[in-house]
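Structure first, commentary second.
Not measured: the values here are computed from a predicted model. Naming: A, B, ... by sequence-line order, numbering from 1 per chain.
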There are 2 protein chains.
Amino acid sequence: MSPRKPSTKDLTKEMIINEAHKQFITKDFHQVSMRSIAKELGCSHGAIYYHFKNKAEIFYAILGDYFSELNNTLDETVNGPGDHNTKLLNVFVGYMAFGLNNQSQYELMFMIRDREIDGLSQEAANLSYEKFAQSVQSLSMTKLLISEIHSTFIALHGFVAHYRHYVKNYEEAKQAVDAHAKFLMKALT
Amino acid sequence: MSPRKPSTKDLTKEMIINEAHKQFITKDFHQVSMRSIAKELGCSHGAIYYHFKNKAEIFYAILGDYFSELNNTLDETVNGPGDHNTKLLNVFVGYMAFGLNNQSQYELMFMIRDREIDGLSQEAANLSYEKFAQSVQSLSMTKLLISEIHSTFIALHGFVAHYRHYVKNYEEAKQAVDAHAKFLMKALT
DNA sequence: CCTCCTTATTGACCAGTGGTTAATAATCAG
DNA sequence: CTGATTATTAACCACTGGTCAATAAGGAGG
């Protein structure tokens, strides 16, 4: 009745995710194909479908870590040193830096709304936004409108969505990031 | 030496563009295929390649009109009635409305930076941005920083990029559009 | 050891994509 | 009618995501 021992080193979910992740760092979702993953893993692309029901599922599995990273960055900024205004500014900078340093991932996390999301990535995105909203409110001197926080988020999102075509990482857009963060500070006070 | 008369009704560039445009209204760039265009036109998809060197060229040909429309909307708002502040607000609202009412087109105009742009769409996008920047400055009471105008544009872009996943047109996001426009007004004053 | 059952994997297949190209049909000029 | 030019087709290429019958690999029980 017992199944085959998983100890024998066949293809594992982990191996697939690792390989997909590896390629995902330099290519985007559409450029990483099931066949390119299989080829690098030395198996047929059909085998992958035994472990994942489709391509999206592989990449959604990867995104979990990135949502965590984004949330942690947020937490660390909020709970870190400095006055409220500085922290708030750093929350903005941190968000943009994350987006620019993880462009392929950011795209899948917040930009692609592929056919029939299982709500998987969608839910995590909403959670991240909630955390962002609460952090911004807690760091603000005054009571903010929900729409103000939302507009702020959208403005940050717009920055990442725009600059990812022109820079490879945060470093290359540092000045613009700072300016945008200050612009948003002004809008909130 | 003269070629065949173009008067005979074969396949024309115009017919192809019209059909592509027609499908482009309800589907996005990736969903409209050379074969779907050819099928509707009653020709083989290979024939299209005689008139256009590739798929992108067809769609870039379409975008010209949309850039014009966007620019015209901007002009009309600036030269229309109302005080400066109201006009400025309407510039913001107009931009977002355009983006939400022409989502597929907006995507190609400002979001997709496909492999090796000929600078075709890129250039038009820059021109549109320049027009926007000048309009905003001319309507503003104070001298604005370039970075402020840029941040404003990016915030508008972010709004469209975000909301296009949730609404079908401007009407459905009217409230949020207004709030966002007011938010940006606050940031600029 | 041998059979049975489960799991994991292959490779052929499907329908679709953008793009190329040799052959050919259609048309015109001389 | 002949020859040149243009426009079109259909077969082809190399891809994509996805499915599935056949099968290899291994463990459990007799």
Query raised in the report: Side chains of B/Phe183 and A/Leu145: closer than 4.5 Å at any heavy-atom pair?
Result: no
Requested in this report: Compare the minimum distances between each of D/dG18, D/dT9, C/dT17 and the side chain of B/Ser33, then state the nucleotide with the smallest one.
Outcome: C/dT17
**Report entry** Atom-pair distance (NZ on B/Lys39; P on C/dG18), nearest Å
**Finding:** 14 Å
Report task. Report yes if the distance between the aromatic ring centroids of A/Phe98 and A/Tyr170 is under 6.0 Å, otherwise no. Result -> no
Query raised in the report: Does the gap between the ring centers of B/Tyr95 and B/His180 come in under 6.0 Å?
Result: no
Query raised in the report: What do you reckon, are the aromatic ring centroids of B/His150 and B/Phe132 less than 6.0 Å apart?
Result: no
Query raised in the report: Closer than 4.0 Å, any side-chain N/O of B/Ser44 to the OP1 or OP2 of D/dT8?
Result: no
Requested in this report: Quickly work out the A/Phe52 CZ to D/dG18 P distance and round it to whole Å.
Outcome: 13 Å
Report summary line: To the nearest angstrom, the OH-P distance between A/Tyr50 and C/dT6 comes to 12 Å
Query raised in the report: Tell me: NZ of B/Lys27 to C1' of C/dT17, nearest whole Å?
Result: 13 Å
Query - Whole angstrom value for the distance that separates C1' of C/dT17 from CZ of B/Phe29 - result: 12 Å
Query raised in the report: Does any donor-acceptor pair link the side chain of A/His45 with the base of D/dG18 at a separation under 3.5 Å?
Result: yes
Report summary line: From NE2 of A/His30 across to P of C/dT17 the rounded distance in Å is 15 Å
Query raised in the report: Between A/Gly42 and B/Lys55, who's closer to the 5' end of DNA chain C by nearest nucleotide?
Result: A/Gly42
Query raised in the report: Does B/Arg35 get its side chain close enough to the base of C/dG16, under 3.5 Å, for a donor-acceptor pair?
Result: no
Query raised in the report: Quick one: is C/dT9 close enough that its OP1 or OP2 comes under 4.0 Å of any side-chain N or O from A/His51?
Result: yes
Report task. Give the nucleotide from the list C/dT10, D/dT9, D/dG18 with an atom nearest to the side chain of B/Cys43. Result -> D/dT9
Requested in this report: Figure out the CD1/C1' separation between A/Ile48 and D/dT16, and round it to whole Å.
Outcome: 13 Å
Query raised in the report: Separation of A/Tyr49 atom OH from D/dG18 atom P, in whole Å?
Result: 4 Å
Requested in this report: Would you check, one step at a time, whether the test ring-ring contact (aromatic ring centres under 6.0 Å, His included) holds for A/Phe24 with A/Phe29?
Outcome: CA-CA 7 Å; A/Phe24 195 33; A/Phe29 178 70; 7.2 Å; no
Query raised in the report: Nearest to the side chain of A/Asn54, which nucleotide is it out of C/dT9, C/dT17, D/dG18?
Result: D/dG18
